[in-house]
Novice: 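Here it is, the structure in full.
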Number of protein chains: 2
Amino acid sequence: MPGERQLPNRDELHTWREFIETTEALRSALTARLHHDTGLSPGDYVVLLALSEADQNRMRSSELAAHVGWERSRLSHHLARMERRQLIRRENCVTDSRGAEVVLAEPGADAFRAATVPHLRAVRELFVDALTPDQLAAATEITAALKAHLAGRTPGD
Amino acid sequence: MPGERQLPNRDELHTWREFIETTEALRSALTARLHHDTGLSPGDYVVLLALSEADQNRMRSSELAAHVGWERSRLSHHLARMERRQLIRRENCVTDSRGAEVVLAEPGADAFRAATVPHLRAVRELFVDALTPDQLAAATEITAALKAHLAGRTPGD
């Protein structure tokens, strides 16, 4: 059965499952900390991060959806809530079909800046402090290998 | 400045950011493959996985929300769509305030089973094939260290 040879063995599958579950747990723990310390949800933070790194702190909603990896309807609901809290603004553009522009508002920029130190402290406590220097170096190497492998694949492969 | 010492240095922060972005990209690539091969979205898959591993293939919606890490409103919308596709059923329980029970339906169980081989093949191609045996062993070790560190923390730390 030629197809069978392509499947991971039990150890490989165990490594995969622990890896993906633990990275998810790590992400959850970090975002829970962030929410506790700053009042920002993970969704708020990812949107504010994207806008704060975007040219002129603004992005098309279609680009933003692709960037954060959400479906358009989920992003739209989330942005409506962020707009009510004045973290972002949406500006409609009648000559362009790519959707409204999403703009980082001043209170959003302030909230993002205020979250930086608590966020970095959580990264240190939850990730860096968990690993020895050798393990951190190995994490860098593994990440680079995974990233290169992903980048070498054509979409839809 | 005592607070500063708790922050990660530039290399540590770079490792963190590459690590968390790459694991997210890996998760996205895997779920895109799954959707392409099986028609299941990541959300569908995580719900079907949770129910297929649950006692009697059923869970309270409150437990399911905690298990998958979603807000209740997001889960509720997602379950409504899955129910229309007959992948799950929701059964109301008038004597219990913990919310409806969510039950794996037969077409949902079939869809989940049919997704197993494509899912495993994608794990092999996107994760296992990216790493040398030494890197896989290091990934196992790093994951265990991160998991133990997370487990050793009390909630809200």
Side-chain angles (χ1 to χ4, degrees), chain A residues 3-4 6-9 11-30 32-33 36 41 69 71 73-74 77 117 120-121 123-132 134-151 153 155-157, chain B residues 3-4 6-9 11-30 32-33 36 41 69 71 73-74 77 117 120-121 123-132 134-151 153 155-157:
Chain A
E4 294 294 320
Q6 298 173 27
L7 302 186
N9 67 32
D11 285 351
E12 291 164 345
L13 193 58
H14 179 75
T15 293
W16 159 256
R17 195 157 169 174
E18 288 288 310
F19 179 81
I20 205 73
E21 287 181 359
T22 300
T23 56
E24 186 60 28
L26 181 59
R27 181 187 309 275
S28 294
L30 196 88
R33 271 280 297 267
H36 177 266
S41 74
E71 288 165 24
S73 65
R74 182 178 170 203
H77 284 112
V117 167
L120 292 178
R121 191 173 292 136
V123 168
R124 160 121 229 146
E125 292 176 16
L126 296 173
F127 179 72
V128 178
D129 287 351
L131 302 175
T132 65
D134 281 355
Q135 287 173 334
L136 262 181
T140 308
E141 185 192 315
I142 289 164
T143 299
L146 289 170
K147 187 176 177 174
H149 187 73
L150 275 177
R153 302 179 65 80
D157 255 12
Chain B
E4 294 294 320
Q6 298 172 28
L7 303 186
N9 66 33
D11 285 350
E12 291 163 345
L13 192 60
H14 179 75
T15 294
W16 159 257
R17 194 157 170 175
E18 289 287 311
F19 180 80
I20 206 72
E21 287 182 358
T22 300
T23 56
E24 186 61 28
L26 181 58
R27 181 187 310 274
S28 294
L30 196 87
R33 271 281 297 267
H36 177 266
S41 75
E71 287 163 24
S73 66
R74 181 179 171 202
H77 284 113
V117 166
L120 292 178
R121 190 173 295 137
V123 168
R124 161 119 228 147
E125 292 177 15
L126 296 173
F127 179 72
V128 179
D129 287 353
L131 302 175
T132 66
D134 282 354
Q135 288 173 334
L136 262 182
T140 308
E141 186 191 314
I142 289 165
T143 299
L146 289 170
K147 187 177 178 174
H149 187 73
L150 275 177
R153 301 179 65 81
D157 254 11

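Quick note on labels: first sequence line is chain A, next is B, and so on, each numbered from 1. All values below were derived from every heavy atom in this structure, side-chain atoms included, with hydrogens, water molecules and symmetry-related copies excluded.
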Novice: Could you tell me which of B/E21, B/H14, B/R74, B/H77 has the largest number of non-hydrogen atom pairs under 4.5 Å with chain A?
Specialist: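 That would be B/R74.
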
Novice: Is chain A contacted by the side chain of B/S28, its backbone, both, or neither, given a heavy-atom distance below 4.5 Å?
Specialist: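 For B/S28, there is no contact with chain A at all, as no heavy atom is under 4.5 Å.
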
Novice: What part of B/A32 gets closer than 4.5 Å to chain A, counting heavy atoms only: side chain, backbone, both or neither?
Specialist: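 It is neither, since no heavy atom gets under 4.5 Å.
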
Novice: So how far is it from B/T140 OG1 to A/E12 CD, rounded to the nearest 0.5 Å?
Specialist: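 So the gap between those two atoms works out to 10.0 Å.
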
Novice: B/V123, B/D11, B/V128: which one forms the most heavy-atom pairs within less than 4.5 Å of chain A?
Specialist: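 Maximum pair count with chain A is reached by B/V123.
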
Novice: Which bit of B/D134 is near chain A, if near means a heavy-atom gap under 4.5 Å: side chain, backbone, both or neither?
Specialist: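 Neither the backbone nor the side chain of B/D134 comes within 4.5 Å of chain A.
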
Novice: Quick check for you: to the nearest 0.5 Å, what is the distance between A/R27 atom CZ and A/L126 atom CG?
Specialist: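 If I round to the nearest 0.5 Å, the distance is 13.0 Å.
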
Novice: Does the side chain of A/T143 pick up a donor-acceptor pair with the side chain of B/T22 at under 3.5 Å?
Specialist: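 On atom types as modelled, these side chains do not qualify, holding no pair under 3.5 Å.
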
Novice: Kindly assign one of parallel, tilted or perpendicular to the pair A/F19 and B/F19, based on the angle between their ring planes and the thresholds 30° and 60°.
Specialist: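 Aromatic pair A/F19/B/F19 classed perpendicular.
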
Novice: Name the region of A/L131, side chain, backbone, both or neither, that has any atom closer than 4.5 Å to a heavy atom of chain B.
Specialist: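 A/L131 touches chain B through side-chain heavy atoms alone.
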
Novice: Checking heavy atoms, do the side chain of B/L136, its backbone, both or neither come under 4.5 Å from chain A?
Specialist: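 Both the backbone and the side chain of B/L136 come within 4.5 Å of chain A.
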
Novice: Does the side chain of B/R124 come within less than 4.5 Å of B/D129's, by heavy atoms?
Specialist: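 Answer yes - side chains close enough.
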
Novice: Look up atom CG in A/L30 and atom CG in B/L150, then write down how far apart they are to the nearest 0.5 Å.
Specialist: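 Reported value, rounded in 0.5 Å steps: 10.0 Å.
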
